Amino acid sequence: MRQRLRVSAPGQERPTVYVIDADAAVRDGLTSLLRLLSLEVETYASAESFLAQASFAAQACVVTELQLPGLGGLELQETLKSRGVDLPMIVLASRSDVATAVRALRCGAIDFIEKPFVDRVLTERITEVLGLEKKTRI
Amino acid sequence: MLLRSVELAAATFSSAHEFLGSYDPAAPGCLILDVRLPGMSGLELQQRLADDGADLPIVFITGHGDVPMAVRAMRSGAVDFLQKPFSDQDLLDRVQQALAEQSQRRQQRASKAVIAQRIRSLTPREHEVMELIVEGHANKIIANRLGTSQRTVEVHRASVMRKMQADSVARLVHLVFAADT
């Protein structure tokens, strides 16, 4: 039912991945990688600029670096939760520890991936997450 | 000692193998599991229990954990992954929380089973009538749909409500919905 409704709303067709990382090289790299999967990609250099979004795509997920200038990845997770925004989140971390990873996952992150990572690990996770989303929303 | 101090029964095992030898899936419980064990590792035991469909919450404790290990354990459903040294309170909190959640899951499953049993006791015709009631149709419409008399539908409706132990349509909808989820 909803699927059919979505057809009449152009631009809502392709799932969106929101990439948040202060490093422009990472943003560019992820953009090319994810566009290969025919995904819509939007990049942000900070959690604050991402949160300034008025609305989020119905079928979407967030890929965020743990360490960001200003609001960090885990704080972003909490902020979204407190605003009632239910976006699956994958956390990327260049420096991390067990306690932080566990905290992110206990708060509902789908995965916590250390940099440098193998592209396939991330793309598999994203397809899985967006596929799952599709199933629960029908 | 710690667990007994809060009146929880504790049984200890020195290997995954020993644990599996005496594990009773029907008993409520929580597993406090070290990642490093002789023989089958903690993560392997977690996988094995998941494959068996066990509803056993696991709190990992480890002296030598790394991020990929913690992520794997958590993604496979662990309640927590605590590094030694951890505080007694943290461990107790997690165990109590896990036991409470497990008990809630089990209660939900049990009440679902009761409703499913009631639904199974309906005749195929009663089942059809129930679905139409739940969709919000009046007896007249239901009779029309099923090509029968309104009087017959009334009789079916009464036995649906009796068998389902529902005293109102709202209650019936609630039961059918609870059985579905």
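Every chain is numbered from 1 and lettered A, B, ... according to where its sequence line falls, protein lines coming before strand lines. Quantities reported herein were computed from a predicted structural model and do not represent experimental measurements.
The parts of A/I110 that come within reach of chain B are both its backbone and its side chain, each placing non-hydrogen atoms under 4.5 angstrom from that chain.
Across every non-hydrogen atom of A/F112 and B/V71, the tightest pair is O-CG2, 3.6 Å.
Note on A/L36 and A/V118: separate hydrophobic clusters, where clusters join Ile, Leu, Val, Met, Phe, Trp and Tyr whose side-chain heavy atoms are under 4.5 Å apart, directly or indirectly.
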If you check both backbone and side chains, which donor-acceptor pairs between chain B and chain A fall under 3.5 Å?
from	atom 1	to	atom 2	distance (Å)
B/R75	NH1	A/I110	O	2.5
B/V79	O	A/R106	NH1	2.5

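For a heavy-atom cut-off of 4.5 Å, chain A lies close to no residue in residues 103-124 of chain B. Annotation: residues 137-173 of chain B contacts chain A through no residue [non-hydrogen atoms, separation under 4.5 Å].
For B/F177, there are no ring-ring contact (aromatic ring centres under 6.0 Å, His included) partners, not counting sequence neighbours.
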